Amino acid sequence: MAELEKTYEPQQVERRWYQFWTKHGYFQASANRSGTPYTIVIPPPNVTGSLHIGHALNNTIQDILIRWRRMQGRNALWVPGTDHAGIATQNVVERQLTTEGTTRETLGRAAFIQRVWEWKAQSGGTIIEQLKRLGASCDWSRLRFTMDEGLSKAVRDVFVGLYEDGLIYRGERLINWCPRCLTALSDIEVQHEDTSGQLYHIRYPLADRSSESLTVATTRPETMLGDAAVAVHPEDDRYNRLIGQFVSLPLTNRKIPIVGDSILVNREFGSGAVKITPAHDFNDFEAGERHRLPRLGILDLHARLDPQKLQEAGVEEGVRARINSLSVLKARPLIVEALTQQGYLTTTETHKMALGKCYRCKTVVEPLLSPQWFVKIKPLAEPAIAAVEAGRIRFVPETWTNNYLGWMRDIKDWCISRQIWWGHQIPAWYCRGCNRSLLVQTGPEGTWLIPPEAKPLVDKTAPARCPDCGNTDFLQDPDVLDTWFSSALWPFSTLGWPEDSPDLRTFYPTSTLVTGLDILFFWVARMIMMGLKFTGQVPFRDVYIHALVRDAEGQKMSKSKGNVIDPLSVMDTYGTDAFRFTLASMASPGRDIKLAVERIEGYRNFANKIWNAARFLLMNLGGPRNAATPSTRSFPDRWILSRLNRTIGLVNAALEQYRFDQACSHLYHFIWHEYCDWYLELIKPVLQDKAGPQAAPTRQTLIESFECLLRLLHPIMPFISEEIWQALPRGAEEGQSITIRPYPTMQPHWDDKDAEATFGTLEQFVTTVRIGRVLLNYPPGKMLTVYGAVKDQGEGTALTAVHSHLEALSRSHVQVRPIDAWPRAQVLRLVTGGITAGLLVEGEVDLQKALDRIRKQTDEGLAEAKRVEGKLGSPEFTGKAPAVVVAEHKQRLQRLREELALLGSSEAQLREMADGGRSS
RNA sequence: GGGCGGAUAGCUCAGCUGGGAGAGCGCUGCCCUUACAAGGCAGAGGUCACAGGUUCGAUCCCUGUUCCGCCUACCA
């Protein structure tokens, strides 16, 4: 039998068992294995990432689920992998190039991509190693990467499939452009931040009557140079006579029309007139479409004022000279200054607005006109809405369902092309023969300008010959796909799709998706759409959405705030199991998690408690063990099995409902406050009497219950449970792992109401005596003489039956007899929870403290009795409340009265004793 | 602007379909009792944000208010 150290030291234990598990292949699933499949696909972390607290929560929950299901005998598969994270990864490698004094343009596309692959080979495994440290029981033989060959094939198949169904198109639209990353972004990649800006009111004089003017308001005065019209509301009597006339656009030589537009214009806001800049604002773009206005862009890709375009927009030479090639932010005050000088600016006011920023680099996003690829999303969204409405996919907690549905019903086309190099290059080719006049190389390497009119050939592989002109020379579209395009296929691409593989047939649709709310739209919604479209099935049944982890002050954790809790150092300090238990115990639905290290420390102590219980157990197993049966089991054994049975039911039910917090609290309470505090204390004397009649069955029950408890705990605390389990004598299970032992299920024959009732009496009696000991300041080591009150035959029998336990736990000599038979003097009567005990007062004791306590108890009891009495006296209550409730109150009043009577006599007795003490 | 969630002990949070306010940490007192001082035993501490309403009865249901957080949105 192994000898355990006095304190649990998680560090070496964890590494050792993780290696053991992977060496034996316990995490590997197979389509051929028996058991109902249970599948989870990991939300693939960015390959650039390192484990943060959100990952830790996310993966702890997945691991609890998968370990639990595996132990239940399900064919459990957890597919791991990483995401190529286009922009993020490209940024990392580009920064590296900068330190080397070079750029990706200098390197060229092919060489750059090669560099990224090299980087990935070197550093891309970090997060995987960290997941292992967390104990994640993924099937690592199936590790996937979104740029793997198989997954890339899936991406091309899906792209071509959507294109052929008319669900992918290319066109020039206004898109969100990051001027730093130099790429388009989808709508949800733009994060809106409330900012306080200025609202400038600018006067636009009428073209033929310069004495009159329209005043427009804008937060972005620089974009006025690209205005194509001014809109007023067609039913606005102030202005509608002007519709069809022109205004002179200040700072330019252009005259632009006044149009009527009821969609764009809100009569109540500002002056009621709005400038329209189709090339730099989403609303204006649509208004421009409605009125067929020219799209005059004035910015370049870096969001600087483009000299060429300013000239084309007819901007006055003097103004141009000052703002050419300046960034928007630098040009803005200069334009305001010019407007002021020429008398066009009327007023300025502060204005609250939401500013869009790039979700990767926080640069202010610029709406820009650009040819891009889009997914026509409505036809995909409809079935995805229906699947959730019909309950084929269930959100947990279900409150997120409405969020999802609302977003899906209002969904916009998805811009999927990105102007970066790292990612899945779009499988579209332009024949240089057909598009000869259109394709222009603009940069030294790989930068081509492909106008929206260019005709692509879309196919899974590069075409050999152009079907129209026979040319064999092609240019592949330089853009790559949005990273989330490949993530959207993850649940089936990782299982072998588009091949009809055994894995796909066995493990798809997957069972549960565990994810944070932040990627509900980025990822979950798109997986549902793509899954339904390409597999005809939902990609998963349950979506468990967990909270965000914040710091103890409720702040979002971020490096810049310096409030980051690093999971790895937490695991080093407190152990992985304590960390996992903390995360799971705080994962209650509908609330963000505020993580405080004190909490982790508390659960570290819990791990240590379990550890020491195991040490106790191993020290006491010497000697024979009986195959215990209900008839041979002692009272503590029957009691603890009954409680264990209940706990097994509660934990399973909690896991079934994704209530990890409840599972934890049941385990914590049972292990610490029932198993350790009471059961182990109860059986100590039994075990000490090694040859006693109860020792053998108790040893058996002890190991049986503890082994079961370890299995119950294992999904949440895998390491310590394995470490201890391996130290137990296991007979036939030698060489196995707890990982693959069955998860405990309820054992009806363990249920024992009598034992639980007896325990209730025992617990109350012992507690009462302990209170008395404190009140009277009896030295802890000194034995007391205690009288147990017997109200009736049944109680007498119960107390007598557990007499030895009473004496051991209360450290006293206990005599059970009716109160009338107690010695009259020098017995302090105490009552708690309906149990009465009398303590024989001997020697120097502090009677005043006891008196105070009894008075306080009396006062509280009186007040309570009065309240209940009043309630029962009220005809409204007795007349209308359910009979059960009335009866409960009557019973309670009865008990209160009995207790008060006892307390009264106790107080009187105490006074006597106190007086007696003084007079003698 | 729209939607959602939260407000319970000093701190972090439970509290299921309305009937005697709970846990952990922290705090106080006594104990190094041979599993565990990362421990044991016993305690103190709450107008359940505020104001109404429904009910015999409200932390729980309804309405409104305040504060905090999140999601979403093109009001220039």
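All values reported here derive from a predicted model rather than from experimental measurement. All chains are named by letter (A, B, ...) in the order of the sequence lines, taking the proteins before the strands, and each is independently numbered beginning at 1.
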Exercise for the section: Kindly say whether A/R220 contributes a backbone atom to a donor-acceptor pair with the side chain of A/T218 at under 3.5 angstrom? Expected result: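 Checking the backbone N and O of A/R220 against the side chain of A/T218, a donor-acceptor pair under 3.5 Å is found.
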Exercise for the section: Check for a donor-acceptor pair, side chain of A/S874 on one end and backbone N or O of A/E876 on the other, with a separation under 3.5 Å. Expected result: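 Checked: pair present.
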What is the separation between atom [atom1] on [X] and atom [atom2] on [N], rounded to the nearest whole Å?
X: A/N403; N: B/rA73; atom1: CG; atom2: P; answer: 11 Å
X: A/L809; N: B/rA42; atom1: CG; atom2: P; answer: 11 Å
X: A/E876; N: B/rC56; atom1: CD; atom2: C1'; answer: 6 Å
X: A/L214; N: B/rA76; atom1: CG; atom2: P; answer: 19 Å
X: A/I610; N: B/rC36; atom1: CD1; atom2: C1'; answer: 12 Å
X: A/N620; N: B/rC36; atom1: CG; atom2: P; answer: 12 Å
X: A/Y404; N: B/rC70; atom1: OH; atom2: C1'; answer: 21 Å

How would you label the contact of [X] with the nucleic acid (heavy atoms, under 4.0 Å): base, sugar-phosphate, or nothing?
X: A/R892; result: base
X: A/Y668; result: sugar-phosphate
X: A/R659; result: sugar-phosphate
X: A/T878; result: nothing
X: A/F521; result: sugar-phosphate
X: A/H673; result: sugar-phosphate
X: A/L520; result: nothing
X: A/E601; result: nothing
X: A/D284; result: nothing
X: A/H351; result: sugar-phosphate
X: A/A607; result: nothing
X: A/T218; result: sugar-phosphate
X: A/P882; result: base

Exercise for the section: Take A/E681 and A/Q662, find for each the nucleotide of RNA chain B with the closest heavy atom, and name the residue whose nucleotide sits nearer the 5' end. Expected result: A/Q662
Handout entry: Closest-nucleotide ordering on RNA chain B, the 5'-leading residue of A/N283 and A/R811
Key = A/R811
Interatomic distance at [atom1], [N] relative to [M], whole Å:
N: B/rG46; M: B/rG22; atom1: C1'; result: 11 Å
N: B/rC4; M: B/rC62; atom1: P; result: 12 Å
N: B/rG43; M: B/rU65; atom1: C1'; result: 39 Å
N: B/rC16; M: B/rC70; atom1: P; result: 26 Å
N: B/rG40; M: B/rG52; atom1: P; result: 46 Å
N: B/rC25; M: B/rC41; atom1: P; result: 12 Å
N: B/rU8; M: B/rC61; atom1: P; result: 16 Å
N: B/rA51; M: B/rG39; atom1: C1'; result: 48 Å

Handout entry: Polar side chain donor-acceptor pair, A/K275 to A/T223, under 3.5 angstrom
Key = yes
Handout entry: Distance-only donor-acceptor check, side chains A/S585 and A/D661, under 3.5 Å
Key = no
Any donor-acceptor N/O pair under 3.5 Å between [N] base and [X] side chain:
X: A/R599; N: B/rG24; answer: no
X: A/R604; N: B/rA38; answer: yes
X: A/K684; N: B/rA35; answer: yes

Among the nucleotides [options], which one has an atom lying closest to any side-chain atom of [X]?
X: A/N608; options: B/rA38, B/rA76, B/rC56; value: B/rA38
X: A/K856; options: B/rA76, B/rA44, B/rC36; value: B/rA44
X: A/W672; options: B/rA35, B/rA42, B/rG39; value: B/rG39
X: A/T767; options: B/rA76, B/rC41, B/rA42; value: B/rA42

Exercise for the section: Compare every heavy atom of A/Y8 with every heavy atom of A/N608, then report the nearest pair and how far apart it is. Expected result: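 In this case the closest contact between A/N608 and A/Y8 is OD1-N, 3.1 Å.
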Exercise for the section: Could you tell me whether the phosphate oxygens of B/rG40, OP1 or OP2, come under 4.0 Å of any side-chain nitrogen or oxygen in A/K609? Expected result: yes
Centre-to-centre under 6.0 Å for [X] and [Y], is that the case here?
X: A/H889; Y: A/F877; result: yes
X: A/F670; Y: A/Y679; result: no
X: A/Y603; Y: A/Y574; result: no

